[in-house]
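Every chain is numbered from 1 and lettered A, B, ... according to where its sequence line falls, protein lines coming before strand lines.
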2 protein chains.
Amino acid sequence: MARPRTFDAEEALASVMSVFWRNGFEGASMQAIETATGLNKQSLYRLFPDKRSIYLAALSRYVGEELAHADAVLSGPGSAKQRFASLFDGLIALAEKGDRSGCFLCNAATDQAQLDEKTKTLVSASLKRVEKKFRKTLAQSHPYAEDLQRREAMAGLLMAAYFGIRVMTKANAPLRLIKAAANEAVAKI
Amino acid sequence: MARPRTFDAEEALASVMSVFWRNGFEGASMQAIETATGLNKQSLYRLFPDKRSIYLAALSRYVGEELAHADAVLSGPGSAKQRFASLFDGLIALAEKGDRSGCFLCNAATDQAQLDEKTKTLVSASLKRVEKKFRKTLAQSHPYAEDLQRREAMAGLLMAAYFGIRVMTKANAPLRLIKAAANEAVAKI
DNA sequence: CTAATTGTTGACCATTCAGTCCGTAATTAC
DNA sequence: GTAATTACGGACTGAATGGTCAACAATTAG
């Protein structure tokens, strides 16, 4: 009968996710991951075959959380415009409290998507899920409910605005610029 | 009398820029840089004190080129809307020919801005220059010429859209989505 | 108790990393 | 020719890297 694991795999993954989110794939050393999790890397190698697998698991976890959050916000009451306002207000609120950590998905896209096939696949699939969610929300309000082309166009713009604001946040753009971009994006719905 | 340098420093920097753009700071090894430039790294260490300095020089070069290009496009004939259309059409054209390399500035923002003070300063200053250029262009057309608040808001949105599309491009978003986002951003001017 | 199984620990490994060292090279001034 | 200066080439350095190894540990079944 096997010896039971003494750590919680999900908890460990949450710590790992923070390290990869902040440092990127190459910048996050296994030593840093050991420190963040309080585990010996051999314990992690029991769960995952290599560093890339740990990275992908962490990214998957992040995307899951981010989409769940977006879903909650975009499933709220009101028109599509109001719901997107809530989503973008969330970005403003993060910047207001000095949170400049940005978005792990954006990081993975710019950092690894063109360098590693598996990361590319995961990033690409994640974008599809975001698009689907944005279009679904828009489809619940006029005129996007009836006009498929307008819905697709606006979903595209909102996605670009969302990711762009994430980049600008990490790039230390002033709060007024982040607010301007977020509010203007919502105003155009 | 000193021995003259046998390579062109600007040419070397262009090669270095490509390596850093593609691989990021951590992922670009000095060995890869040697290979790309055809120089021994000791020759580069004659020009720059360390890897970070090389990286910052490469990023500066990129920003200079990108802003010069944007300046050329945004200084063209027509309304602000038409000029931005040209700029965003450029992004579409890159995607159309399969160029998914994205934007080194975006990469630096998401990758290094929160990890290294000098990179953060350069990235932040670069964003200011982009914003200034976008606002200047908008100020040449109605109603942005007269309405400072609208100008700032639209500049913010266009910046977010621009950077967001860069991220989506690198994230392998489908061409139709990139087109939708770019065209909708311009349509909102 | 032993056997089987997986988990933990810490040492170990070969390679890679950014940077350094030093002999040789190229150029001009004298 | 020598001297002075910076450039080039390739070897070298200590540390860091992702991953492996093997002894010991924890658990249950029989």
Side-chain angles (χ1 to χ4, degrees), chain A residues 1-60 107-108 111-112 115-119 122, chain B residues 1-60 107-108 111-112 115-119 122:
Chain A
M1 182 60 177
R3 173 179 172 170
R5 187 165 289 130
T6 59
F7 65 93
D8 180 69
E10 280 305 306
E11 248 180 55
L13 197 55
S15 299
V16 165
M17 189 180 84
S18 297
V19 179
F20 279 127
W21 180 354
R22 178 170 171 77
N23 299 88
F25 179 75
E26 293 289 341
S29 64
M30 293 305 297
Q31 174 59 57
I33 285 165
E34 277 189 323
T35 303
T37 55
L39 301 172
N40 275 342
K41 55 189 187 293
Q42 175 58 23
S43 295
L44 291 167
Y45 280 115
R46 280 289 181 152
L47 286 175
F48 302 100
D50 54 24
K51 187 180 175 184
R52 176 64 64 177
S53 303
I54 307 177
Y55 177 79
L56 292 171
L59 182 57
S60 280
N107 299 355
D111 180 22
Q112 291 291 312
L115 296 177
D116 174 69
E117 206 59 42
K118 286 183 180 171
T119 308
L122 177 55
Chain B
M1 182 60 179
R3 173 179 172 171
R5 187 166 291 134
T6 59
F7 66 92
D8 180 70
E10 280 304 307
E11 248 181 55
L13 198 55
S15 298
V16 165
M17 190 181 85
S18 296
V19 179
F20 278 128
W21 182 353
R22 179 172 171 75
N23 299 89
F25 180 74
E26 292 289 343
S29 63
M30 291 306 295
Q31 175 59 57
I33 285 166
E34 278 189 325
T35 302
T37 56
L39 302 171
N40 274 343
K41 56 188 186 293
Q42 175 57 21
S43 296
L44 291 167
Y45 279 116
R46 279 287 182 153
L47 286 174
F48 304 100
D50 54 23
K51 185 180 176 184
R52 176 64 64 179
S53 302
I54 306 176
Y55 177 78
L56 291 171
L59 182 57
S60 279
N107 299 355
D111 181 24
Q112 290 292 310
L115 296 178
D116 174 70
E117 206 59 42
K118 286 183 180 170
T119 309
L122 178 53

Heavy-atom side-chain contact between [X] and [Y] under 4.5 Å:
X	Y	result
A/Tyr45	A/Met30	yes
B/Phe48	B/Leu13	yes
A/Leu47	A/Arg5	yes

Could you tell me whether [X] contacts a base, only the sugar-phosphate backbone, or nothing, with contacts defined as non-hydrogen atoms closer than 4.0 Å?
X	answer
B/Arg46	base
B/Ala28	sugar-phosphate
B/Phe7	sugar-phosphate

Ignoring backbone atoms, test whether A/Thr6 places a side-chain nitrogen or oxygen under 4.0 Å from the OP1 or OP2 oxygen of C/dG7.
->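 No, outside the criterion.
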Between the side chain of A/Lys118 and the main-chain N/O of A/Ser53, is any donor-acceptor distance below 3.5 Å?
-> no
Toward the 5' end of DNA chain C, by each residue's nearest nucleotide, A/Leu47 or B/Pro4 | A/Leu47
Earlier contact from the 5' end, DNA chain C, for B/Ala2 and B/Lys51 |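 Nearest nucleotide further toward 5': that of B/Lys51.
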Taking all non-hydrogen atoms of both residues into account, name the closest pair between A/Phe20 and A/Ile33 and its distance.
->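 In terms of heavy atoms, the two residues are closest at CZ-CD1, 3.6 Å.
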Heavy-atom pair of closest approach, residues A/Ala28 and A/Asn23 =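 Nearest pair, atom of A/Ala28 first, then A/Asn23: N-CB, 3.7 Å.
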Summarise protein proximity over nucleotides 9-16 of chain D in one line of letters, 5' to 3': B for base, S for sugar-phosphate only, - for none, counting protein heavy atoms closer than 4.0 Å.
-> BB------
Between [N] ([atom2]) and [X] ([atom1]): distance, integer Å:
X	N	atom1	atom2	result
A/Leu44	D/dG19	CG	P	12 Å
A/Glu34	D/dG18	CD	P	10 Å
B/Phe25	C/dC17	CZ	P	13 Å
A/Gln31	C/dA11	CD	P	13 Å
B/Arg5	D/dC8	CZ	C1'	11 Å
A/Ile33	D/dG19	CD1	C1'	13 Å
A/Tyr45	C/dT6	OH	P	21 Å
B/Asn23	C/dT16	CG	P	16 Å

Any chance you could measure B/Gln112, atom CD, to B/Arg52, atom CZ, to the nearest 0.5 Å?
->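 Those atoms lie 4.5 Å apart.
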